[in-house]
Amino acid sequence: MTDLERILARVEKPARYVGGELNAIVKDWRRVPVRIAFAFPDVYEVGMSHLGMHILYHVVNSRDDALMERVFAPWTDMEAEMRTSGLPLFSLESHRPLRDFDVVAFSLQYELSYTNVLNMLDLAGIPLESRDRDDRMPLVVAGGPCAFNPEPLAPFLDAVFLGEGEDAVHDLVEVVRRYGRGNRDELLCALARLPGVYVPRFYRVEYAADGGVKQVVPLIDGVPGKVVKRLVRDLDRAPFPVRPIVPYLEAVHDRAMLEVFRGCTRGCRFCQAGAIYRPVRERTLKTLLDQAGELLRHTGYNELSLTSLSTTDYSEIRKLVQTLVERHRGERVNVSLPSLRVDAFAVELARAVQEVRKSSLTFAPEAGSQRLRNVINKQVTEDDLLRTVEVAFRAGWSRVKLYFMLGLPTETLEDVDGIARLARMVLDKGRECEVPKGRLSVTVSISSFVPKPHTPFQWEPQAPLAVLRERQSFLQGRLKGKNLVYRWHDPEASFLEAVFARGDRRLAPALRRALELGCRLDGWRECFRFDLWQQAFAETGVEPGAYAYRSYRYTDILPWDHLDTGIDRDFLAEEHARALAGEITKDCRGEQCTGCGLCPNLEIEPQLAEVGTGAAG
Amino acid sequence: MPRVRIAYRQEGPARYVSHLDVMRAFERAARRAGLPLAYSQGFNPRPKMTFAAPLAVGMSGCREYVDLELETEPDPAGVFELLRQNLPNGLVPVQVQAVATGPSLMSLVHRSRYIAVGDVPVGLDTGALQVGLKRFLGRGEIVVEQKRAKGVRRKNIRPGIYSLSARLDGDKLCFSMELKAGSAGNVRPDEVLAVLGKDLSLVPESFAVWRTALLSRAGRLLWDVKGDSIC
Ligand code: SF4
């Protein structure tokens, strides 16, 4: 028996660590010059639900000269066993130590996974800081939404990839292939000159007396002052994994994922995804139907999820859903839509896909009053919501979930009360529609607003923890009653999320200290230790509130200003001003460009399915 | 409904998979293969499959069985080929046959055979091993504690140990056992190893365990599958 087998006998869910799943790709190492480990800093079940991983895995493994294997954050029991027996972190495919790879590529989805990044490096025996890694060590890179402000991780990362990875990963393979392992400095220089690649060590950050950033200075020739994101220009022809790995273990999203389009045109002002994935690019109906068929054939899943930021906005959604349902009904495939747009049409669609209305319907009004919904540009009215749930209740659904945020800019207690009022109106609708009392339920799910970089709210402070807690308990008091369910996220976790989302390089020592103190898997309630985080900040002389609560002026340099999503900063400032004035901004779907600057800046245009249909063949 | 009975091996990565996940893997393989599985009625239709006995996580199975109900009359050779092509790594079909409706597979299982192979504890020789075994089997009662949702349950496993033998093979120690199994009660090989572990100072987790056979009440093989030799 090997050490690993001995350990696996003692841990929970050992299948997390062994690989060998359907459609996993194991290549012969001797024949492949470039070896990349895709490192997801959360547990297997979360990472395997991430579409981006499946896409990059497919893209890299389609090349003859490169391979990609996977590694996830071990759960605490596995970590303890690995540390006791000295087993280094290894990949699932070939069970090789991470150190043997040329590149370890982290996906940064969420600020609370940063300790996992460091912990995985540590478990792999790879020095945490970029400057301590020599030629024998893999290159450590990162991508994903948090790459748009990776500054708290800057000392630990060799290179950061901004934007979508489908094309950039080819550049990475080629550069690594050209320079090999012996020329780390040249390799980094070459990477820094690639479009969309940010090499933190080639930029010096100078700080101002008021604690902010004074300037960010490129240190070598040929690296850009502003790194602009990469994106896929023709999504319809972009590679898509129709043979994704099918886990043995039940993943968080245990279903086939069809990416209908990328980007979102709604312009919600709090939403970072809506900003960083612009412009909207839809796949054609034909491509989607083909991909859906292949996906189901190669996976055997009985559910197909249409994943996009706001799937019901797809130009041909009705046709797509109808055709999918007709084609795959005989195979007992359920088509599923994630959170629904608040309108009757969306419910009609949900009706078309779910013959049995067993699950609940989810809507996200986000704020409790019309005034505040205008501030955040969430264009949903009370009437819309009530009419929509009425359709839903009459169609046979009995459970409705509503998502809201607390602590949005300009929020007052009245807005918070509005959440409770809305929930009760929805409940009343349910009674009016004679939904059986025993089954009727309205769930209110609350998270705390986190001001994110590159959004119109990037200048806004987060609401103080004390205020968030107070409003939560106020709301909880208002939502007591039969058929009402109240759910919430820890505001402490959202505070930490804000600190790191808006952070700069001076946070790195606190992150490192938090890891030493035992913080990891911070996104898991049972592991999150706010007391240890506070200790880490105190010991490293960091005032976290200075990050989360800072209110920026438009003239201030933001810690992430040298990283460019393609959207004009002036547009964001204008949107911010409009928000405070309660003015809404229309959707930019179709002809109505709202002038964010991205399309001209990146020389691209929104792509809608109707326009593209002819070109698909 | 027509039924097929499948004998398969569960090994490699699949030995770390829970019973529920194995069920899902079979369902997905059948869907990929286009096998016309029969489904239950109701809100949440499930494919009609019955497994002989769930295999514990971590253990390999040399002869596991599942019955699948199909909507059309199957051709066993065709089903075998489809499964061979579509089951994931670690689930390997050994033989397929059409079966008539009858008692459920589960109700047929009363005993299981296992082999467990691990490291020889320092200083253990054949003599000491046989003495230890004899002492173990000589006990009228061997009580193990099982953690349950409400407190601890004590269970005497001795009556469920039908046979137990051991031999030294180089630096390996091999146990063979036949234990009570099935819906009327179960003795697990790791329970036996845990108790033996105290007597012989061995580390139970360092043993790789194979379930080699599922047996009827009379101690006969459930299905005398031809094909390659056992494990
Ligand atoms: S430039 Fe116009 S069309 Fe393009 S993403 Fe911005 S607002 Fe939308």
Side-chain angles (χ1 to χ4, degrees), chain A residues 1-26 44-45 78 81 85 92-93 95 243-251 254-256 294-304 328 330-334 354-359 396, chain B residues 10-47 56-60 71 82-83 85-91 116-119 171-173 190 193-194 203-209:
Chain A
M1 233 188 187
T2 64
D3 278 353
L4 176 59
E5 287 175 312
R6 237 182 286 272
I7 289 178
L8 290 175
R10 289 195 290 256
V11 299
E12 223 182 276
K13 301 195 185 178
R16 283 169 167 167
Y17 312 108
V18 293
E21 311 94 321
L22 182 82
N23 296 338
I25 297 169
V26 185
Y44 178 89
E45 300 92 304
M78 182 64 174
E81 294 286 351
S85 62
L92 296 197
E93 276 74 4
H95 292 194
R243 290 174 186 268
I245 298 170
V246 180
Y248 264 124
L249 256 183
E250 185 167 357
D254 199 33
R255 52 187 85 104
E294 296 266 294
L295 258 175
L296 294 169
R297 202 152 55 82
H298 298 308
T299 61
Y301 280 119
N302 58 10
E303 187 175 344
L304 176 71
H328 301 290
E331 306 151 31
R332 295 174 188 273
V333 171
N334 282 315
Q354 283 189 341
E355 267 149 50
V356 184
R357 287 179 253 302
K358 50 191 176 197
S359 56
Chain B
Q10 186 171 335
E11 59 193 20
R15 91 199 116 116
Y16 296 109
V17 174
S18 71
H19 183 59
L20 211 70
D21 294 335
V22 170
M23 289 169 64
R24 216 180 5 240
F26 264 94
E27 181 187 353
R28 285 179 185 157
R31 298 175 63 91
R32 287 191 296 274
L35 276 180
L37 284 180
Y39 279 76
S40 64
Q41 301 291 313
F43 275 173
N44 201 3
R46 307 287 326 141
V57 173
M59 217 184 275
S60 307
E71 275 171 347
L82 284 173
L83 288 174
Q85 288 167 9
N86 285 287
L87 277 169
N89 201 352
L91 293 176
V117 180
D119 300 332
D171 60 347
K172 293 286 167 222
L173 170 54
D190 54 296
L193 287 175
V203 188
E205 298 102 85
S206 71
F207 278 75
V209 183

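Chain naming here is simple, since letters A, B, ... match the order of the sequence lines and numbering starts at 1 in each.
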Region of [X] in contact with chain B, defined by heavy-atom distances below 4.5 Å:
X: A:R332; value: both
X: A:R297; value: backbone
X: A:V11; value: neither
X: A:D254; value: both

Worksheet entry | Check against side chain to side chain contact (heavy atoms under 4.5 Å, CB included), A:M78 and A:E12 | CA-CA 8 Å; A:M78 182 64 174; A:E12 223 182 276; over 6 Å; no
Worksheet item: Which heavy-atom pair separates A:I7 from A:S85 by the least distance, and what is that distance?
Response: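 So the minimum-distance heavy-atom pair works out to CD1-OG, 3.1 Å.
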Fill in: Proximity breakdown for B:D190 and chain A, heavy-atom pairs closer than 4.5 Å
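No part of it gets close to chain A.
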Worksheet item: For B:A208, is it the side chain, the backbone, both or neither that has a heavy atom under 4.5 Å from a heavy atom of chain A?
Response: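 For B:A208, the contact with chain A is made by backbone and side chain together.
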Fill in: Side chain proximity check, B:Y16 to A:L249, heavy atoms < 4.5 angstrom
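No, side chains not in contact.
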Worksheet item: Would you say the side chain of A:T299 lies within less than 4.5 Å of the side chain of B:R32, judging by non-hydrogen atoms?
Response: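 A side-chain contact under 4.5 Å is absent here.
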Discussion item. For B:V17, is there any backbone N or O sitting under 3.5 Å from a side-chain donor or acceptor partner on B:D21?
Written reply: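 Absent.
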Fill in: Max heavy-atom pair count under 4.5 Å with chain B, selected residue of A:H298, A:E250, A:K13
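It is A:E250.
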Worksheet item: Are B:E27 and A:Y301 linked by a side-chain donor-acceptor pair shorter than 3.5 Å?
Response: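 Looking only at side-chain atoms, A:Y301 and B:E27 do not form any donor-acceptor pair under 3.5 Å.
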